[in-house]
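Okay, so here's the structure we're looking at.
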Amino acid sequence: MREIFTELPWWVKWITVPVIALVVFGGLIASVVGFVIGLLFKALVFVALVGGLIYVVRKFTASSSSRDW
């Protein structure tokens, strides 16, 4: 296999082989990248919602505990 690649011109090794790999595996690469980005976005939304909930609960409990019944 190594002998086959050494006999090929540089433009075949460095241009056409990666282009063929992107064409063949492009959909798979795009779906994996999309999945990872979607997962990171969902994790960011989760952290923001939990942080907002903690902020609201602390603000509510602090304001209700300061009242004299």
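If you read the sequence from its start, that first residue is 1, and numbering goes on from there.
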Cut-off 3.5 Å, no hydrogens considered: what does the side-chain donor-acceptor table look like for residues 12-23, sequence neighbours left out?
residue : atom : partner : partner atom : Å
Thr16   : OG1  : Val12   : O            : 2.7

Please tabulate, one pair per line, all N/O donor-acceptor pairs under 3.5 Å involving side-chain atoms of residues 24-48, not counting sequence neighbours.
residue : atom : partner : partner atom : Å
Ser31   : OG   : Gly27   : O            : 3.2
Ser31   : OG   : Leu28   : O            : 2.8

Which atom pairs, donor and acceptor, lie under 3.5 Å between side-chain atoms of residues 2-9 and protein residues at least two apart or in another chain?
residue : atom : partner : partner atom : Å
Thr6    : OG1  : Arg2    : O            : 3.3
Thr6    : OG1  : Glu3    : O            : 2.8

